[in-house]
Protein chains: 2
Amino acid sequence: MSLKNDIATINDRLTRTQRRIAEAVIEDESLLTFGNVTTLAARVGTSRASIVRFATKLGYAGFSELQQSARDEVSKKRTRPSQRVRSDASLEPLQDKIESAVRSVFEVLHQDRLNGMASPLATANHVWVLSGETSRSGAIALTSGLSMVRSNVMLVDEHSTGRELCGAQKGDVAVVFDFSRYRRHAVDAARMLADLGVTIVAITDSPLSPLSSLTDIRCELDIPAVGPFDSSVPAVIVAELLVSQVVRELGDKARDRIDRLETLWQATDTFLI
Amino acid sequence: MSLKNDIATINDRLTRTQRRIAEAVIEDESLLTFGNVTTLAARVGTSRASIVRFATKLGYAGFSELQQSARDEVSKKRTRPSQRVRSDASLEPLQDKIESAVRSVFEVLHQDRLNGMASPLATANHVWVLSGETSRSGAIALTSGLSMVRSNVMLVDEHSTGRELCGAQKGDVAVVFDFSRYRRHAVDAARMLADLGVTIVAITDSPLSPLSSLTDIRCELDIPAVGPFDSSVPAVIVAELLVSQVVRELGDKARDRIDRLETLWQATDTFLI
DNA sequence: CTTCTGATGTAACAAGGTGTACAATAGAGT
DNA sequence: ACTCTATTGTACACCTTGTTACATCAGAAG
């Protein structure tokens, strides 16, 4: 806003070419933030000197200072949501962190990426679910949801890794949740499965994660800290979105299975209502 | 995404300083888009040459090309919202539902109520954690977090309810997660524990829940549906908030335990970093 | 301990960018 | 038509930046 304000305050004192320059930078701010004097001059169809004079007219020492100001402006815009100021009850910073983490999950997980991650889960022979510690809730959510809509979903516990995984083979899919400190057993198991030809779907927190080099089918989440530990909320959300997408892909097959499950529940009187 | 992809595909071939560079540009993308070789090198604490080598390692001709790519990426991001309406159409209702569920968790869980639920967990002799199906992720999150900061935390599985609970007595606390259809075993177990004099902390979805009549220490959450199933996100958030509050109450005792846990992890080489 | 390899830093260089002095130009007023 | 002034373009000096060649250093292998 500050740039537009600057222009507005002196806009009646602008010369013709300066006005053209102003119009150009308002229409496409990247001319200022990413461009330089030469490109901007070319775009407007004027000389480079006029660009510099435009900057000084706005009150800056030169083009460089104007550019810096424009860059600061967009940087501030990007970081604002997290800095949002509010009253200081001790729960609110947590609320902020979690809410923005939730939002970022949906930014990362556009529909096409979600499709790319869910499709293998719909078609795989077996689905193996691996996780570290903080991501365990996500793994549970995925296993629980997925096993209600398809068969052969296995949660692999740390202490039973070898025994359970020995049947894995090509055509299977392994979903690996792991964050921040990267539990060795999860990473090792994932690497082993990848070597066996199993398709890896990774939910992790950084392109620098050891999981990221194993597969293209993955997403990187922002993980907020809640108290001393990392939150598993983003992982759980991803798990639930994956399940709902798999359900959509499987269509009637999933519905049938859910129906059969329901009759089983009824027969065993599992629920109170 | 393309930058993060680029980094991910070669992340295991990065040298130490190159990894530091990668971490820096992932954390603050403006270092790439707005910065230059000099500033990035200064930020990372390395030489300018290493920055250039990092760019070439990623497959670019040099830093300039990498910067251009980064700039293109954010330019694309800025124009995306218009496409987003179309391509993300099916995700947006879900996003709305989850975000407002998150918000409602914090509306329900004012600081005093959170205190009331967390305090018993800090002082109890034993903490028993029970759950239904969709709330299982929350139970896992609570058990996992709580057992890192205090001892005698037990997750009670459906098939082992009797065996595990027979030691419960006055002075213990049971946290029960259960929603919507109210799994019979969770409710029955909670009732039994209440009869034994165990303090019940309930996380459920309605004052009409069978759990609500057992205890005053409880909260009622709005549970959104994600696909055909109920979301466990609210339960997980409550679990994490409880843990963070217990940590605050236990103070140094919790910190000591975390420290000991850390040395154990170090000794057993549990994590990659 | 020595050697070798790869990673890192230093320094030089070429290219490109900014700012300014100065010349050219356009336009208004006489 | 002439002059004066404000505006714009040109040219140049200076500085910064990206790149590369070379020297140094650290660490693994023997």
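As a basis for the values below, the full set of heavy atoms in this structure was taken, side chains included, without hydrogen atoms, waters or symmetry mates. Since we're looking at a predicted model, the values are computed, not measured. Within every chain, numbering begins at 1; the chains are lettered A, B, ... in the order of the sequence lines, protein sequences first and strands thereafter.
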Roughly how far apart are [X] [atom1] and [Y] [atom2], rounded to 0.5 Å?
{"X": "Leu146(B)", "Y": "Leu155(B)", "atom1": "CG", "atom2": "CG", "answer": "11.5 Å"}
{"X": "Thr15(B)", "Y": "Lys57(B)", "atom1": "OG1", "atom2": "NZ", "answer": "5.5 Å"}
{"X": "Thr38(B)", "Y": "Arg48(B)", "atom1": "OG1", "atom2": "CZ", "answer": "4.5 Å"}
{"X": "Asp252(B)", "Y": "Arg257(B)", "atom1": "CG", "atom2": "CZ", "answer": "15.0 Å"}
{"X": "Leu94(B)", "Y": "Leu241(A)", "atom1": "CG", "atom2": "CG", "answer": "6.0 Å"}
{"X": "Glu99(B)", "Y": "Arg103(B)", "atom1": "CD", "atom2": "CZ", "answer": "6.5 Å"}

Item to complete: For DNA chain C, determine which residues of residues 50-67 of chain B have any heavy atom closer than 4.0 angstrom to one of its atoms, and list them numerically.
Response: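 Listed by number, they are Ser50(B), Arg53(B).
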Worksheet item: Considering only heavy atoms, which members of residues 32-39 of chain A lie under 4.0 Å from some atom of DNA chain C?
Response: Asn36(A), Val37(A), Thr38(A)
Discussion item. Around atom CG of Asn152(B), are there more than 12 heavy atoms from other residues, nucleotides or ligands closer than 6.0 Å?
Written reply: yes
Discussion item. Looking at Asp222(A), I want to see if its CG is surrounded by more than 12 non-hydrogen atoms of other residues, nucleotides or ligands under 6.0 Å.
Written reply: no
Fill in: Minimum heavy-atom distance between Phe54(B) and Gln18(B), given as atom pair plus value
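Smallest heavy-atom distance, with atoms named: CE1-O, 3.7 Å.
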Practice prompt. For residues Thr56(B) and Gly62(B), report the shortest heavy-atom separation together with the two atoms involved.
Written response: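 So the minimum-distance heavy-atom pair works out to CG2-CA, 4.4 Å.
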Worksheet entry | Leading and trailing nucleotides of DNA chain D with any atom under 4.0 Å from heavy atoms of chain A |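 First and last nucleotides in contact are dT7(D) to dC12(D).
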Practice prompt. Check Leu242(A), Leu109(A), Leu114(A) against Cys219(A) for a side-chain contact (heavy atoms from CB on, under 4.5 Å) and give me the one that passes.
Written response: Leu109(A)
Practice prompt. Tell me, please, the opening and closing nucleotides of DNA chain C, 5' to 3', among those with an atom under 4.0 angstrom from a non-hydrogen atom of chain B.
Written response: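 Contacts span dA7(C) to dA12(C), reading 5' to 3'.
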Could you list the donor-acceptor pairs under 3.5 angstrom formed by side chains in residues 198-207 of chain A, with sequence neighbours left out?
from	atom 1	to	atom 2	distance (Å)
Thr204(A)	OG1	Asp178(A)	O	3.0
Thr204(A)	OG1	Ser209(A)	OG	3.0
Asp205(A)	OD1	Tyr182(A)	OH	2.7
Asp205(A)	OD2	Ser180(A)	N	2.7
Ser206(A)	OG	Leu208(A)	N	2.8

Worksheet item: Looking at residues 15-27 of chain B, who's got a heavy atom less than 4.0 Å off DNA chain D?
Response: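 Contacting residues: none.
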Practice prompt. For the pair Arg136(A) and Arg183(A), evaluate side-chain contact (heavy atoms from CB on, under 4.5 Å) and give the outcome as yes or no after the intermediate values.
Written response: CA-CA 11 Å; Arg136(A) 193 159 169 75; Arg183(A) 232 184 166 111; over 6 Å; no
Worksheet item: So Asn36(A) and Thr39(A), side-chain hydrogen bond (donor to acceptor under 3.5 Å, both in side chains) or not? Walk me through it.
Response: CA-CA 6 Å; Asn36(A) 53 40; Thr39(A) 57; 3.2 Å; yes
Worksheet entry | Pro120(A) backbone acceptor or donor facing Glu249(A) side chain under 3.5 Å |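 No, because the side chain of Glu249(A) does not come within donor-acceptor range (under 3.5 Å) of the backbone of Pro120(A).
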